[in-house]
Amino acid sequence: MEHAHIPEIPVSIFSLKHTFESAQPLTFYADYNEVSNTIVYPYDSSVINLMHSGDDEKGTLHIMGRHAAPATGEVSRRFRLSDDMQKIYKKINTDQSMAKAISAYRGMRLTLNDPWETTLVFIISQFNNVKRIRLITRNIIQRFGKEIYDSGGKAVAKGFPQSADLMKGTEKDFRDLGAGFRAKYIKSAAEYCTNNLNLGKLPAGKYEKLRDSLMEIDGVGGKVADCIALMGYGNLEAFPIDVHIKRAMERIYFKGRKMGMAQIQEFAEGRWGVYRGYAQQYLFHNARVSGRK
DNA sequence: ACCCAGGCGGGCG
DNA sequence: CGCCCGCATGGG
């Protein structure tokens, strides 16, 4: 089938750039080319190549790659293309700070990632920085991922290793790949998610139950469980509170006073309701970018 | 040199 | 219960 039709998806209020740069699981191992506005990432047994043309208000996603046609639905799910951003913005645009964040990163989507990939990435994320999370994640993929070949039989990438694949690694292996004290968590999570907890069977829509189940994993506490619920299961009720969110919210909404996690959670629920996961992503990205210098 | 990073588990009061 | 501490590693 030469000159195969390139699948296209019309998209509006969508920014591949802001989405990629907002430190979500996919972005730790995908490659992004800002000039061509293209993202390349391994998925299943092939590589998906996604180009965004037009502008963020109204554009087109072009899907290229060996399995481009069957990947169309997957791209739509993964980038949450059916989210009604007008409606979501209306719900979370509650004040001047949110308005500025939405304006600055308009089109940024939450992404929906594989639950196991998300679990591993956020176990690595604890007490760590984004650059090293990315490094460690890539090291683990390089060491334990399976080769992905193009139609000519050339190895082009490595797929994300499943939990069973990581069971072959020792704690020392993960330490050598840069995981540090998290190595023991990676090892035990690989075992637990292979033998005891089927991540594919957890109830994505039941926030409390989902969160409690995820916290059975050693090394997964409340914050990491919220990240997995949000970005691995698409549960928008999850509101992960990390150091950036905590600081930003204390400053913006609590006159600089130190607040407990429960109080901040309660505030977020009351203010942004079932869309608080989206509010979190805009607050987080804004705080992180404006915190750099 | 010093401080910080998408926190967590464990121990203590 | 809540509080507090140690924790690997590398970048600013």
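These figures come from a predicted structure and were not determined experimentally.
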Assess the pair A:Phe239 and A:Phe267: is the distance between their ring centroids shorter than 6.0 Å?
no

[X] [atom1] to [N] [atom2], straight-line distance once rounded to whole Å:
{"X": "A:Phe181", "N": "B:dG9", "atom1": "CZ", "atom2": "C1'", "value": "11 Å"}
{"X": "A:Leu135", "N": "C:dG12", "atom1": "CG", "atom2": "P", "value": "13 Å"}
{"X": "A:His244", "N": "B:dA5", "atom1": "NE2", "atom2": "C1'", "value": "7 Å"}
{"X": "A:Asn128", "N": "C:dG11", "atom1": "CG", "atom2": "P", "value": "12 Å"}
{"X": "A:Gln126", "N": "B:dG9", "atom1": "CD", "atom2": "P", "value": "7 Å"}
{"X": "A:Asp173", "N": "C:dA8", "atom1": "CG", "atom2": "P", "value": "17 Å"}
{"X": "A:Met215", "N": "B:dG7", "atom1": "CE", "atom2": "P", "value": "15 Å"}
{"X": "A:Ile124", "N": "B:dG7", "atom1": "CD1", "atom2": "P", "value": "14 Å"}

Please determine whether a side-chain nitrogen or oxygen atom of A:Arg247 lies at a distance below 4.0 Å from atom OP1 or OP2 of B:dA5.
yes

Counting heavy atoms not belonging to A:Lys184, are there more than 12 under 6.0 Å from its NZ?
yes

So what does [X] hit on the nucleic acid, given a heavy-atom distance under 4.0 Å: a base, only sugar-phosphate, or nothing?
{"X": "A:Gly260", "value": "nothing"}
{"X": "A:Met231", "value": "base"}
{"X": "A:Arg182", "value": "base"}

Heavy-atom donor-acceptor pair, A:Ser76 side chain to A:Gly73 backbone, under 3.5 Å:
no

Closest to side chain of [X], choosing from [options]:
{"X": "A:Asn129", "options": "B:dC8, C:dA8, C:dG10", "value": "C:dG10"}
{"X": "A:Val224", "options": "C:dG11, B:dG7, C:dT9", "value": "B:dG7"}
{"X": "A:Arg175", "options": "C:dG10, B:dG7, C:dT9", "value": "C:dT9"}

On the 0 to 90° scale, with breaks at 30° and 60°, tag the A:His18-A:Tyr105 ring pair as parallel, tilted or perpendicular.
perpendicular

For A:Ala23 and for A:Tyr185, locate the closest nucleotide of DNA chain B by heavy-atom distance; then report the residue assigned to the nucleotide nearer the 5' terminus.
A:Ala23

Starting at the 5' end of DNA chain B, which residue's closest nucleotide do you reach first, A:Asp218 or A:Ser125?
A:Ser125

Show the nearest heavy-atom pair for residues A:Ser163 and A:Thr194, with the distance to one decimal.
OG-OG1, 2.8 Å

Using the six-membered base ring of C:dC7, report whether A:Phe127 stacks on it, requiring centroids under 5.5 Å and planes under 30° apart.
yes

B:dC8 to C:dG11 separation - P atoms, rounded to the nearest Å
24 Å

